Amino acid sequence: MCGIVGAVAQRDVAEILLEGLRRLEYRGYDSAGLAVIQGKTLARIRRVGKVKNLTDAINENPVIGGTGIAHTRWATHGEPSERNAHPHLSNENIAVVHNGIIENYKELKNELSKEGYAFTSETDTEVLTHLIHKLQNETKDLLSAVQKATKIVTGAYGTAVIDSNNSDQMIVARSGSPLVIGLGIGEHFVASDQLALLPVTSRFIYLEEGDVARLTRKTVEIFDKNGQPVDRKINLVDAKSDSADKGEYRHYMMKEIFEQPTCVRQTLEGRINTQGVESGIFGNGFEAITGQIKHVTIVACGTSYHAGMVAKYWFEQYAGVSCSVEIASEFRYRKFYVHEGSLFVSISQSGETADTLAALRLAKEQGYLSSLTICNVMGSSLVRESDFNFMTRAGTEIGVASTKAFTTQLVSLLLLVLTLGRHKGLTSDHEKEMVAALMQLPGKIEQALMANDVIETLAEEFADKNHALFLGRGDQYPIAMEGALKLKEISYIHAEAYAAGELKHGPIALIDADMPVIVVAPNNELLEKLHSNVEEVRARGSILYVFADKAAKFESDDTQKVVDVVATEAITAPIVYTVPLQLLSYHVAVIKGTDVDQPRNLAKSVTVE
Ligand code: HGA
C-alpha cells in the first residue's frame, strides 16, 4: 500500500528517496511526493500517478539537501490528488509522511480547526501533521511532540517527521504499520519495507509496536511504547534478497511465475529427506506440542486464504486433524468458538496484512494452544508476534498478483500436514510417498510451465470476454478460486469459481456461448463426477477450457479446448495446476493491455483494514 522512505545524511538524498519509492512501486499507489530540507526551508514536490511523474518534476526542479522524507500514497481518506498526496506540511516547517489510518481524525480536526489550523487536504494525515506541530510548540521538542501525538491518535500509523528548523534529525514512529530503520555510516534511513533501502544499506532494525525513534546522521535512539529507551536487534540482510529487477522478463509477474521451480526447491531445502519431513523445521518446541493439536484454525486474506482452503482438504484427508479456514476480516469481528487443542495458523506473503495481524492478536487472547505463521518476509509483524513461524523462502514478490508466494505457501502447508499427520496415524510409508512427490514437484512445475505458448494462444479467445467461470472439485476447488481471482485482479474480467458439483444449484443459469468455463481436471477419484459436470456445461453451449492430464481422457473439439498438464501425484496436483491458471491470467492481461504488475486499485501488502 503506501510506501515511506526517509533519510538523514550528509549527501543529497533526493535520488536515494526516489529510488526507494521506485522499489516500493510494486505495492500499488496513486500519487507520490517528497520533502527535503533545503537550507532552512522545506522543498516539497508532489505528483499524482507514478513515481516517474515525481522524478520528472524533480529533474526539472532539483531539490538539494541531506534530510528528507518521501511517500507513495494509496488513498484511504480523500481522493488521489496532489493536495491529498504526502508529505503534508504544518506551518511550512513540519513535514509528515504517514501510512495507515488515524481513526479519531474527525474529532482532532475539529479541535485543531478551532485553534486556527487551516486544512488544505481531506486526509487524516494532515490532522496528524498539525497535531505534531501544535505539540512541538508546547514541548519545544519534536521527539516529545511525536511521542505525545502517538498517545492522542487512535488507529494505525507508520510515520516519519522532519522539521526545517532542525535539519539534523528525523523522528519516526510505528503502530500497526511496519517501519524499518536502515543503518549507514554517518547516515541513517527509514522505510516501510527494507527493499527500499537495499541500495544504501544491509543493516536493519525492525521497529516494534509503539516504538518512536530519533534518527540523526550519527545516532539512532529508540524508545518503546512507554517512552523508555530500548536497544533493538540489528539484522543483517543478504543482498540476494534484492530482486527488484525484471531480468529478461517483460513483467515481474511472469518472472515470478517462472521462478516457481526454484522457489519451491528453496522452500523444501533442508526441510525434507527421503524418509520424511525433517524435525524441528517449525521452530524449537513445536514438536513438543504437536501431540496436543486437535484442530487447526487457519486465518488469512485473498490468495493466502485460498492456500488455507487447500490445506483444509489436506489436513482432514492426510493428517486426520480437523481444520477450519476463515477470512481474517470476518474472523476478527465475530464471536468465534475456540476448539480444544487448536493451533492458530496465519498465512500472509508480507506478514503485515492488517486484518490477519489483528486476528492473530485477538487469537492470542482467546486460549488457542499456540500460533504459527506461514510468511515470506523475515522480521515482519506476523513473524515476530507468532509463537512459531515458517518462512516460505519465495524471495521478494513484486507483482501485485501473488504467484510464487501462493505455491510456496502450499508447499509449507503440506510440510505442516505431514508433521501433524505423524501423530495422527499417517504411516511412515505414506509420509515417504508424500516427500517423494514433493521432491519431484519442482520438475513437475517446470513441465507445467512448458504449456506457456499454448496458453498464450488460447488467451486470445478471452480478450473480448466480460465473464468467466472456473470449476474444480475437492482440493482443486480452491485452485479454481485462485484462478478466478488472478483473472479478475489483472485482466479485470469478472470471474467466479464454483465447486463443480454446485453448478446446477444456480450458476448454470449463467452459461451461454459468451461465458467461457475453465475446468481444472486432474486424474483423481473425482474425475468421473467432473466429466458429468463438464457435459452439463457443454450441453448449454458454453466453450470449455479444460486443464487435464492425458489420463483424464478429455479431448479437444469445437466446444472444448484441452490443455495438457503433466501427470502428477494427487498430493501435489493443486500446486501444479495453479501454474497454467497463472499463465492464462497473465496472457489475457497482456493482450488486454492492463498494468499487469500494478493492476488498478490494488496494493501488494494490505496494511490497512
Ligand atoms: N490515510 C492516509 C494514508 C493511507 C495509507 O496508508 N494507505 O496504504 C491517506 O489516505 O493519505
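Fair warning: this is a prediction, and the values are worked out from it, not measured in the lab. Every number for a ligand or one of its atoms is a count from 1 in the order of the listing.
- In terms of polar-atom proximity, T123 is not counted as a contact of ligand 1, lacking any N or O under 3.5 Å from an N or O of the ligand.
- Taking the six-membered ring where the residue is Trp, the centroids of Y29 and H71 are separated by 6.0 Å or more.
- Numbered from 1 in the order shown, with element, the atoms of ligand 1 that lie under 4.0 Å from a heavy atom of H98 read 3 (C).
- Of all the heavy atoms of T76, the ones lying under 4.0 Å from any atom of ligand 1 are found in both the backbone and the side chain.
- Each of the following atoms of ligand 1 lies closer than 4.0 Å to a heavy atom of T125: 2 (C), 11 (O).
- In this structure, K151 places its NZ atom where more than 12 heavy-atom neighbours from other residues, nucleotides or ligands lie under 6.0 Å away.
- Here's the thing with N84: none of its N/O atoms is less than 3.5 angstrom from an N/O atom of ligand 1.
- Scanning all heavy atoms of the two residues, the minimum distance from I162 to Q169 falls at CG2-O, 3.9 Å.
- Ring centers of H77 and Y105: under 6.0 Å apart, within the cut-off.
- Atoms of ligand 1 lying under 4.0 Å from any heavy atom of N99, numbered from 1 in the order shown and given with element: 6 (O).
- Annotation: side chain of I4 is not in contact with side chain of I69 (no heavy-atom distance under 4.5 Å).
- The option from C2, A85, G78, S177 that lies nearest to atom 5 (C) of ligand 1, judged by heavy atoms, is C2.
- For the side chain to side chain contact (heavy atoms under 4.5 Å, CB included) criterion with L207, the lone passing option out of V212, V180, I181, D224 is I181.
- Judged by the shortest distance from any of its heavy atoms, G100 lies inside the 4.0 Å radius around the atoms of ligand 1.
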